[in-house]
Amino acid sequence: MLKKIFFPYKKDSIFCVFLLLSFLVFFSCGKEVVSGPEELPPTTTIPNKLELEDVRVPLVWDVEKEATTRILGKGFQANDEITLESLDGLTKSFQIRLSETQASHASFLLPADFIEGRYTVLISRGDVKQTLGSSTFNFVLRADLPDIAGKTIKGVVHIAGKGLANVVVSDGHDLTKTDEDGVYYLSSNKRTGYVFVSIPGNHEMVISANNLPTFYRYTNPNPNVVDTRDFELKAVNNDKHVLLSLADMHLANRNEDLNQFQTGFIADANQQIAKIQTTGKKVYALTLGDLTWETYWYSNNFMLPEYVREIAKLHAPVFNTIGNHDNDPYFASDWLSENAYRRILGPTYYSFNIGQVHYVVLDNIEYINAGGSTGNIGSRNYNARLAEQQIAWLKKDLETVDPSTPIIVATHIQLHNAPSSNGTLPGFRMSNGQQLVDLFARFERVHVLTGHTHVNYRVVRNNQFMEHNTAAICATWWWTGRSGYAGNHIAPDGSPGGYGIWEMDGKDLKWQYKSIGYQEDYQFRSYDLNNVHITAAKYAPSANATHQNLVAQYAADFAKENRNNEVLINVWGYDPNWTVSVTENGSALSVQRVTSFDPLHIISYAMKRINVNAVPTFDASNSSHMFKVKASSATSTLQIRVTDRFGKVYAEDMERPKAFNYATR
């Protein structure tokens with residue numbers, strides 16, 4: 001009877017995959033090592049239409065390009081045809097006639113245009129078709145690569161068949177470098193289930209799943225089986241490149257998020273990418289976690305594969321970071337809850353290089369999810385910390401990097417708490433944050449990119465180390481742009497929803513925050529507080545009496561009329577090396593940095609929720625990138641000048657009175 005190994009696409013858990021992997025046999029291709037059939041006991045039974053027996057389809061199928069490939073099993077016939085249907089959307093399906101049948105196996109020749117990747121494997125005989133399983137086809141360059149005692153993973157890193165030396169390869173525990181022929185051997189316990197290459201500068205992966213670089217390969221967890229895992233690169237010039245940092249998308253098929261994502265963010269970012277590419281620079285993207293929203297994985301049928309479908313429309317390679325909302329809520333275990341992510345997007349921590357910059361992606365979520373079980377979403381609670389396994393790996397990774405190399409660290413939860421308006425260094429949000437900072441003490445420039453908060457702030461520890469907490473692509477979880485709401489896209493700190501743009505020129509780094517739907521020079525918003533008065537009558541007229549009573553609470557200081565001729569300026573990209581100046585009739589006004597809510601966010605989200613008799617669930621942020629000045633009259637024009645750390649000036653001649661409404665900018 002045919003035994004099928006089945007891995008569901010949407011709701012799979014890599015834990016199940018790993019359990020099954022321990023039984024999988026890697027079969028012959030040329031001179032590959034073939035394990036005995038006793039290592040693969042029967043698993044799931046399906047109707048055996050073709051009377052096949054003992055068919056073996058491994059999770060990872062090592063093959064040579066344009067080579068004859070063997071599939072183990074009994075009952076194959078000469079006119080049978082193998083069909084390989086792509087699961088990655090990379091290519092067409094392939095229909096291949098068997099070239100040979102034997103009592104214990106059959107053979108077929110891979111076509112010249114075959115592309116490695118994930119495929120469903122089927123067999124047909126006349127009008128009858130049978131699914132055999134699914135597999136990731138993995139090209140092997142050197143079938144004659146000898147084994148070395150104690151080395152459980154081996155392979156070649158190459159460019160079109162020519163080995164590339166000194167490339168770092170790791171399994172998330174240990175690492176090694178390729179020799180002069182591009183060959184590597186790794187002593188791996190295989191507990192992570194994968195091996196990855198730290199892409200060297202001025203190179204890219206040849207193969208990408210959609211626009212996701214396939215810098216990793218899955219491995220057999222059996223340490224007694226030696227895996228061959230090759231990586232093919234191509235040479236590019238990316239010393240000058242631009243990185244888009246993308247935080248908190250929260251795609252969940254709710255609040256009209258998919259339409260807002262495509263017509264807002266994707267359209268805006270692709271326009272930026274096209275403009276940058278005309279200058280000859282390479283463009284890449286790096287997400288900062290919360291790609292999805294695990295609360296809605298099962299109820300809305302929107303998970304990580306659906307995220308891949310949406311982000312594939314971005315016209316740049318995308319490297320990903322896991323967020324707390326990217327964990328499977330059916331598992332009350334940090335490791336097991338990450339399995340779906342590893343299955344779809346690969347390692348949760350890794351490194352790569354673009355040009356002269358070294359990038360490190362970390363997973364700083366310890367997902368606890370008390371009460372989670374199959375069919376039951378748990379409490380989704382978590383801790384913000386780096387596991388010791390990651391710290392041990394990171395130490396080894398950084399030992400391969402020169403101290404003068406700029407470092408970009410990406411992780412989801414913020415390293416530091418938000419700064420106050422008095423400029424003092426805030427404490428750590430991540431429980432072992434100091435341990436992370438200490439690891440980078442010998443490096444000249446370290447920038448940590450984080451998300452999670454949906455707000456903008458910068459923390460400068462010293463001239464060497466800086467954190468950039470980046471507001472969300474989804475702003476306030478896609479609420480304010482939903483039909484019937486404010487018709488804008490604004491985050492809890494008043495920042496427009498947006499993303500970071502990092503320009504790298506060798507070791508020189510510059511950055512700015514890009515608001516979706518606005519020009520790059522839109523870096524602040526001013527309010528004439530004489531005209532900012534948030535009342536139930538004006539902003540929540542349809543609310544019942546109970547909810548109208550909430551208006552004063554959520555309107556904060558703006559619930560009271562303010563006729564003091566004050567102006568509030570929200571500078572979302574601010575850091576201590578920025579300056580804000582305001583003049584009135586040629587005279588400089590005193591500018592005070594303050595901590596304040598943003599009134600536009602309050603009317604765009606909280607008041608809109610109260611107006612439909614709902615309690616706002618996402619509070620506005622009391623942020624310190626705010627500045628206040630007091631004018632001498634209610635009608636004077638103010639010259640506002642904001643200068644960033646790179647000397648670029650953003651200006652507004654603020655004519656007053658200035659109206660306050662949902663379109664305020």
- Message: For a quick test of reading the model, state the closest non-hydrogen atom pair linking S495 to D493 and the distance between them.
- Response: OG-OD2, 2.8 Å
- Task: Quick one: closest heavy-atom pair of L304 and L291, and the distance?
- Result: CD2-CD1, 4.5 Å
- Message: Is the distance from the ring center of F302 to that of Y296 below 6.0 Å?
- Response: no
- D268 and Y499: side chain donor to acceptor below 3.5 Å: yes
- Message: Listing request: all salt bridge (charged side-chain N to carboxylate O under 4.0 Å, His left out) pairs with a residue in residues 620-632, at least two apart in sequence or in separate chains.
- Response: E566-K628
- Item | Proximity of W502 and H447 rings by center, below 6.0 Å | yes
- Query: Under the criterion ring pair (Phe, Tyr, Trp, His ring centres under 6.0 Å), which of W478, Y605, Y662 is the partner of H489?
  - Reply: W478
- Could you name each residue pair satisfying salt bridge (charged side-chain N to carboxylate O under 4.0 Å, His left out) that touches residues 535-561, not counting sequence neighbours? E561-R563
- V361 and N320 have their tightest heavy-atom pair at CG1-O, 3.6 Å
- Selection residues 593-615 - residue pairs positive for salt bridge (charged side-chain N to carboxylate O under 4.0 Å, His left out), sequence neighbours left out: R525-D598
- Message: Is it the case that the side chain of N369 and the backbone of F331 share a donor-acceptor pair, with hydrogens and angles ignored and the cut-off at 3.5 Å?
- Response: yes
- Centroid-centroid distance, F215 to F352, less than 6.0 Å: no
- Item | Heavy-atom donor-acceptor pair, D528 side chain to K658 backbone, under 3.5 Å | yes
- Qualifying salt bridge (charged side-chain N to carboxylate O under 4.0 Å, His left out) pairs with a residue from residues 410-430, counting only residues at least two apart or across chains: none
- Query: Got a donor-acceptor contact below 3.5 angstrom from the H416 side chain to the E467 backbone?
  - Reply: no
- Output all residues satisfying salt bridge (Lys or Arg N to Asp or Glu O under 4.0 Å) with E310, sequence neighbours left out; order by chain, then residue number. K313
- Query: For R385, what residues pass the salt bridge (Lys or Arg N to Asp or Glu O under 4.0 Å) criterion, not counting sequence neighbours?
  - Reply: E366
- Item | Residues which pass side-chain hydrogen bond (donor to acceptor under 3.5 Å, both in side chains) with Q277, listed by chain and number, not counting sequence neighbours | none
- Message: Can you list everything that forms a side-chain contact (heavy atoms from CB on, under 4.5 Å) with N622? Sequence neighbours excluded, please.
- Response: T595, F597
- Query: Any side-chain donor-acceptor pair under 3.5 Å between N611 and Y539?
  - Reply: no
- Query: Okay, side chain of R656, backbone of S633: is any donor-acceptor separation there less than 3.5 Å?
  - Reply: yes
- Can you list the residues that meet the salt bridge (Lys or Arg N to Asp or Glu O under 4.0 Å) rule with D575, with sequence neighbours excluded? R645
- Message: Closer than 3.5 angstrom, by distance alone: can the side chain of Y513 be matched with the main-chain N or O of P496 as a donor-acceptor pair?
- Response: yes
- Which residues pass the side-chain hydrogen bond (donor to acceptor under 3.5 Å, both in side chains) test with E294, sequence neighbours left out? H325, Y367
- Just checking, is any N or O donor in the side chain of N364 or Y382 under 3.5 Å from an acceptor N or O on the other one? no
- Item | T321 side-chain N/O to T411 backbone N/O, donor-acceptor pair under 3.5 Å | no
- Sequence neighbours left out, what passes side-chain hydrogen bond (donor to acceptor under 3.5 Å, both in side chains) with T635? Give chain and number order. none
- Task: Check the side chains of E584 and S636 for a donor-acceptor pair under 3.5 angstrom, ignoring hydrogens and angles.
- Result: yes
- Give a yes or no on whether the ring-centroid distance for Y298 and Y330 is below 6.0 angstrom. yes
- Evaluate the side-chain proximity of V642 to Q523: yes if any heavy-atom separation is below 4.5 Å, no if none is. no
- Applying side-chain hydrogen bond (donor to acceptor under 3.5 Å, both in side chains), name anything that partners H250, two or more places apart in sequence or on another chain. D290, H454
- Task: Kindly say whether G323 contributes a backbone atom to a donor-acceptor pair with the side chain of N327 at under 3.5 angstrom?
- Result: yes
- So, H412 side chain and L288 main chain: donor-acceptor pair closer than 3.5 Å or not? yes
- Query: Is it the case that R665 places NZ or CZ above or below the six-membered ring of Y522, under 6.0 angstrom from the centre and within 45 degrees of the axis?
  - Reply: yes
- Message: Give me the atom names and distance for the closest heavy-atom approach of G498 to I473.
- Response: O-CD1, 3.4 Å
